[in-house]
Amino acid sequence: MEKQTIAFLTDSACDIPEDLARRYSITVMSIPINVDGKEYLERVDFTNQEFYDILENCKSIPSTSHVPSVSFVEEYQKAMDNGITDLIHVTINSKGSNMYHAALMARDQFYEECPQAKETFRIHVMDSRTYTIAYGCGIVEAAKLAEEGKDAEMVLAFLENWFSSIEIYFSVYSLDFVKKSGRVSVAAAFVGELLGLRPIIRMLDGDPVIIDKVRGDKAILSRLLRAAKESMEQSGLEKPAYYIIHGSPVKEAQELESLLEQELGYPACGSYEAGAAISINSGPRVIGVILKGKDRR
């Protein structure tokens, strides 16, 4: 039987912290970001906290672009040269970015240039169908399986299950950025601002849906707690994994983490900062909970 060597490649919207990426040898490619006409690279030119300040002071909403296909080809070549047999490339949700399609193009280009590589070097391109640490943590868990000696087929099956069962529930303390980004209509955002309403948004398979609106900032955490608890109860899973995601509201994130642990009886798997690629659309004042629910396939 062929001895497999598995490696992982992804983009910086995954929000995997640098120490975890290094620990599990996950290659994270930086997403290009344009702020008021100046080009930056996420994770290279600023920290998350520095970018929150940039968001608060920029003249127009920043924009992102996908990592160029040629950069992916270069990473594929490096992986093959390093003796990797199975490269698992996971991208940000294809409904919100062209990253996945750029990766497919890069894979096709690579095999056109190196047709002999198909026999010994397999590139598995996966659309995470989600955002931020919702797919980042899935990659980390998959890397742990590979480290334990699980083969590529088992690791890919794990990721398919993960992406088909991961859920995001989040809200924002300001509607400015969701209004500018088009995630919420201008009319709805304007009415919400007048009434002091905050949307509670659920993200499944890359599709955001407003499931509720609460009045005032103080109501956000309790409603997120209820949404997460209800989903967990319906999942049929015992102690499903959950994670906290947040931008600049650090104290609120700590409070949400504490509330969830008290209510559920076990702690979150971690609390993570939302990176630039995510906070551009939500704004820096974002908070949420990510959980492993039931498989939707």
Side-chain angles (χ1 to χ4, degrees), residues 13-16 90 92-96 126-142 157-173 178 183-184 192 197-247 249 252-274 278-279 281-282 285-297:
C14 70
D15 291 334
I16 298 173
V90 181
I92 188 175
N93 173 35
S94 64
K95 294 178 181 178
M126 303 187 74
D127 176 6
S128 73
R129 308 189 300 278
T130 190
Y131 296 95
T132 186
I133 204 67
Y135 70 100
C137 282
I139 297 170
V140 171
E141 293 303 315
F158 168 84
L159 284 170
E160 282 293 351
N161 171 266
W162 184 278
F163 300 144
S164 296
S165 57
I166 205 72
E167 304 176 14
I168 305 176
Y169 296 88
F170 72 99
S171 188
V172 293
Y173 289 90
V178 290
R183 302 299 180 187
V184 176
L197 298 178
R198 301 289 180 256
I200 304 298
I201 303 170
R202 179 184 65 202
M203 183 82 69
L204 301 180
D205 300 316
D207 296 314
V209 176
I210 296 176
I211 60 171
D212 202 356
K213 295 175 184 177
V214 296
R215 190 178 297 276
D217 294 346
K218 292 183 178 180
I220 288 176
L221 299 189
S222 60
R223 186 62 184 90
L224 288 174
L225 171 64
R226 180 155 63 92
K229 186 179 178 183
E230 288 173 353
S231 177
M232 289 178 175
E233 289 173 347
Q234 294 168 8
S235 72
L237 302 173
E238 183 180 354
K239 292 187 176 181
Y242 70 95
Y243 309 79
I244 307 300
I245 184 72
H246 67 90
E252 291 85 348
Q254 293 171 342
E255 184 179 351
L256 178 60
E257 186 174 4
S258 178
L259 287 171
L260 280 161
E261 182 171 359
Q262 290 174 23
E263 187 71 23
L264 299 172
Y266 63 100
C269 295
S271 182
Y272 300 90
E273 290 181 345
I278 305 305
S279 57
N281 293 307
S282 65
R285 302 190 66 206
V286 60
I287 190 168
V289 56
I290 296 167
L291 60 94
K292 183 94 163 45
K294 60 184 178 182
D295 194 328
R296 296 182 292 276
R297 288 177 292 181

Derivation of the side chain to side chain contact (heavy atoms under 4.5 Å, CB included) call for R129 and S94 | CA-CA 6 Å; R129 308 189 300 278; S94 64; 5.8 Å; no
Starting at CG of L159, measure out to CD1 of I139 and round the result to the nearest 0.5 Å.
-> 7.5 Å
Please tell me if the side chains of I201 and I211 come closer than 4.5 Å, counting only heavy atoms from C-beta onward.
-> no
Quick one: side chain to side chain contact (heavy atoms under 4.5 Å, CB included) partners of A228, sequence neighbours excluded?
-> L260, V289, L291
Can you name the side chain to side chain contact (heavy atoms under 4.5 Å, CB included) partners of D207, sequence neighbours left out?
-> K95
Does the side chain to side chain contact (heavy atoms under 4.5 Å, CB included) test come out yes or no for I287 and I245, once each step is laid out?
-> CA-CA 6 Å; I287 190 168; I245 184 72; over 6 Å; no
Inter-residue atom distance L221.CG - L259.CG, 0.5 Å rounding = 6.5 Å
Sequence-distant partners of D205, side-chain hydrogen bond (donor to acceptor under 3.5 Å, both in side chains), two or more places apart | R296
Sorted by chain and number, sequence neighbours left out, side-chain hydrogen bond (donor to acceptor under 3.5 Å, both in side chains) with R223 holds for D212
Scan residues 221-244 for pairs that pass ring-ring contact (aromatic ring centres under 6.0 Å, His included), counting only residues two or more places apart or in two chains.
-> Y242-Y266
Heavy-atom donor-acceptor pair, Y135 side chain to C14 backbone, under 3.5 Å | yes
Stepwise side chain to side chain contact (heavy atoms under 4.5 Å, CB included) test for Y272 and I133 | CA-CA 7 Å; Y272 300 90; I133 204 67; 3.7 Å; yes
Nearest heavy-atom approach of R198 to D217 is NE-OD1, 2.8 Å
Determine the minimum heavy-atom distance between P240 and M232, stating which atoms define it.
-> CG-CG, 3.7 Å
Distance from E255 atom CD to S222 atom OG, nearest 0.5 Å?
-> 9.5 Å
From N93 CG over to Y131 OH, what is the distance, rounded to the nearest 0.5 angstrom?
-> 4.0 Å
Show your working on salt bridge (charged side-chain N to carboxylate O under 4.0 Å, His left out) between D295 and R297 and close with a plain yes or no.
-> CA-CA 6 Å; D295 194 328; R297 288 177 292 181; 2.7 Å; yes
S235 side chain to L237 backbone, donor-acceptor under 3.5 Å = yes
For residues V214 and A219, report the shortest heavy-atom separation together with the two atoms involved.
-> CB-CB, 3.7 Å
Starting at CD of E160, measure out to OG of S165 and round the result to the nearest 0.5 Å.
-> 10.5 Å
Please tell me if the side chains of E273 and H246 come closer than 4.5 Å, counting only heavy atoms from C-beta onward.
-> yes
Salt bridge (charged side-chain N to carboxylate O under 4.0 Å, His left out): pairs with one or both residues in residues 256-265, sequence neighbours excluded | K229-E263
Atom SG of C137 and atom CD1 of I16: how far apart are they, to the nearest 0.5 Å?
-> 7.5 Å
Please report the shortest heavy-atom distance between Y169 and A227, naming the atom on each side.
-> CD2-CB, 3.7 Å
Considering all heavy atoms, the nearest I92-A13 contact | CD1-CB, 3.6 Å
Which atom pair, heavy atoms only, marks the closest approach of K292 to N161?
-> NZ-OD1, 2.7 Å
I200/I210 under side chain to side chain contact (heavy atoms under 4.5 Å, CB included): CA gap, chis, key distance, verdict | CA-CA 6 Å; I200 304 298; I210 296 176; 6.0 Å; no
